[in-house]
Colleague: 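Dropping the structure in here first, questions after.
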Amino acid sequence: MSGKIAITVTVNGTTYEREVEPRLLLVQLLREELHLTGTHIGCDTTYCGACTILMDGEPVKSCTVLAVQADGCELRTVEGLEQNGELHPLQVAFSEHHGLQCGFCTPGMLMSAVHLLETNPHPGPAEIRKGIQGNLCRCTGYKNIFTAIAAASAKIQAGN
Amino acid sequence: MYPAPFKYHRASSVDQAIAMLGQIGECARVLAGGQSLLPMLKLRFDEPTDLVDIGRITGLDRIESNAAGATIGALATHRKILLSPLAQAIPIIADCAAGIADNQVRSRGTIGGSVASGDPSCDWPVLLHTLDATIRCHGRNGERTLDINGFVADLYQTVLQPGELVTGILFSVPGSGCGGAYCAFKRCAPAYPTVSVGVQLSLSGGAVKKARIALGSSAPTPIRAPAAEAELEGAAITAERIGRAADAAVAAASPYPDRRGSAAFKSQLVATLVRRAIGIAQRRANGETVKNSHEYY
């Protein structure tokens, strides 16, 4: 198997087939081939978590996954959070509680928070902090991010 | 950052992976979760001509435990291990798995990669020293099982032969009277530990029958500290013995200064973490439930 590799990925419910160079990173597939630029490249060294997406339901740093490794996988990115024109409760909460300043880390923060609330709908304070441990915010906005996630959790709980 | 170009090969079985590695030769690297390898390739610290992807080999992530012992497949991710019944049964496994890097890395990173990378900062090899684990490997000449002690031969170097794969980790499940603790001190979640210490004790009639003390990020390889173990074995645990074990562990360590801290700071951490881990291991050996995980500073 050399040269370009044919892969199929499903992103936010849409299936894409592409032929990619083996060295193409998953984040570059999303941004440059599929033009889904909501997922950001931050540190590019597996630290900051700005590129976090969900791969078969688990959070991954898409700068540290090859596109060929995602072949056959179901991916969710920040673009998939809004449904039928309605923002995801986490997006609403980030907006209401000023959970962002420059916004660069926000897509990754949101995807980590989505995974947290989907696996643990009622996280305690320590669990929320641990849920975003792999995401760095350089505006030091952690306090409001924490508040937003807690508010979204409460809102989802009340809505059910 | 793009890695340098390489050819990609996807193996669907261990035998196929070994055949591919044999055919390509020493310029091939094994790709599993990629959490150690891909950062190396992106920084171009390594430029292999070929990657053999073993990540989809069915069954290689299995976690099994019976009277004969436990086996963790090389492809078991840190998260899968954390959520396994094995981690519930052996608290030291949960201590370790819960704090390896962050949520995202735990989704992809594997125990086989942690062992095969030969990185002295990786968490699993330190813990596996305390359990006298063995490493199952497959290569051209068939299967062999190697002691974890000595498996990492030097900085980022293991005793694996070219074309040989780590396929599983084996160890005996600690019985009653046994307790362990894994204590790691790190700057933040995504970082490797500045220093980590694993302790496993087997108590009998109030005395320590067997002790294992292992250190990570404290030498060019993960190491055991036999002189520290000897300070505890054959007698009851006292504050004085704990102090002597901590001193002996510091003497066994040869930490190098880097941006995580000076050598003196790391030596101090070795002493502190050895004391702390012995305390937790002792309480657990006595049947107490003790919460423990990586600490950040």
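Order of the sequence lines sets the chain letters (A, B, ...), proteins ahead of strands, with each chain counted from 1.
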Colleague: With a cut-off of 6.0 Å (strictly less than), are more than 12 heavy atoms of other residues, nucleotides or ligands near CD of Glu26(B)?
Modeller: no
Colleague: What pair of heavy atoms forms the shortest contact from Pro59(A) to Ser107(B), and how long is it?
Modeller: O-OG, 2.6 Å
Colleague: Shortest non-hydrogen contact from Gly33(B) to Gln69(A)?
Modeller: O-NE2, 3.9 Å
Colleague: Compute whether any side-chain donor of one residue and acceptor of the other, for Gln104(B) and Asn135(A), lie under 3.5 angstrom apart.
Modeller: yes
Colleague: Give a yes or no on whether Phe45(B) atom CZ has more than 12 heavy-atom contacts from other residues, nucleotides or ligands under 6.0 Å away.
Modeller: no
Colleague: Heavy-atom distances under 4.5 Å only: say whether Leu41(B) touches chain A with side chain, backbone, both or neither.
Modeller: neither
Colleague: Chain B: which of Val68(A), Val65(A), Leu116(A) shares the most heavy-atom pairs with it under 4.5 Å?
Modeller: Val68(A)
Colleague: Measure distances from Cys48(A) to the heavy atoms of chain B and classify the residue's part below 4.5 Å as side chain, backbone, both or neither.
Modeller: neither
Colleague: Are the side chains of Arg23(A) and Leu51(B) in contact, using a 4.5 Å heavy-atom criterion?
Modeller: no
Colleague: Within a 6.0 Å radius of atom CZ on Arg187(B), are there more than 12 heavy atoms belonging to other residues, nucleotides or ligands?
Modeller: yes
Colleague: For Gln23(B), does the CD atom sit with more than 12 other heavy atoms under 6.0 Å from it, leaving out its own atoms?
Modeller: no
Colleague: What part of Asp71(A) lies closer than 4.5 angstrom to a heavy atom of chain B: side chain, backbone, both or neither?
Modeller: both
Colleague: Specify which of Thr52(A), Leu25(A), Asp44(A) makes the most heavy-atom pairs with chain B at under 4.5 Å.
Modeller: Asp44(A)
Colleague: At a heavy-atom separation under 4.5 Å, does Ile41(A) approach chain B through its side chain, its backbone, both, or neither?
Modeller: neither
Colleague: Under a 4.5 Å heavy-atom cut-off, does chain A meet the side chain of Ala191(B), its backbone, both or neither?
Modeller: both
Colleague: Indicate yes or no: at least one non-hydrogen side-chain atom of Thr45(A) is less than 4.5 angstrom from one of Lys42(B).
Modeller: no
Colleague: Out of Glu58(A), Gln133(A), His115(A), which residue meets the side-chain contact (heavy atoms from CB on, under 4.5 Å) rule with Asn103(B)?
Modeller: Gln133(A)
Colleague: Counting only heavy atoms not in Arg62(B) (residues, nucleotides, ligands), do more than 12 fall under 6.0 Å from its CZ?
Modeller: no
Colleague: So which part of Ala32(B) gets closer than 4.5 Å to some heavy atom of chain A, the side chain, the backbone, both or neither?
Modeller: backbone
Colleague: Check step by step if side-chain contact (heavy atoms from CB on, under 4.5 Å) holds for Asp102(B) and Tyr47(A).
Modeller: CA-CA 9 Å; Asp102(B) 50 43; Tyr47(A) 261 79; over 6 Å; no
Colleague: Does the side-chain contact (heavy atoms from CB on, under 4.5 Å) test come out yes or no for Val105(B) and Thr46(A), once each step is laid out?
Modeller: CA-CA 8 Å; Val105(B) 170; Thr46(A) 330; 3.9 Å; yes
Colleague: Relative to chain A, which of Cys188(B), Ala101(B), Pro5(B) shows the most heavy atom pairs under 4.5 Å?
Modeller: Pro5(B)
Colleague: Give, as side chain, backbone, both or neither, the part of Leu31(B) having an atom under 4.5 angstrom from any heavy atom of chain A.
Modeller: side chain
Colleague: NE2 of His9(B) to CD1 of Ile5(A): how many Å apart, nearest 0.5 Å?
Modeller: 8.5 Å
Colleague: Please answer whether the main-chain N or O of Thr64(A) pairs with a side-chain N or O of Arg108(B) as donor and acceptor at a distance below 3.5 Å.
Modeller: no
Colleague: Could you check which of Lys130(A), Met111(A), Glu21(A), Gln28(A) has the highest count of heavy-atom pairs closer than 4.5 Å to chain B?
Modeller: Gln28(A)
Colleague: Within the structure provided, determine whether Leu38(B) and Leu66(A) are in side-chain contact (heavy-atom separation under 4.5 Å).
Modeller: yes
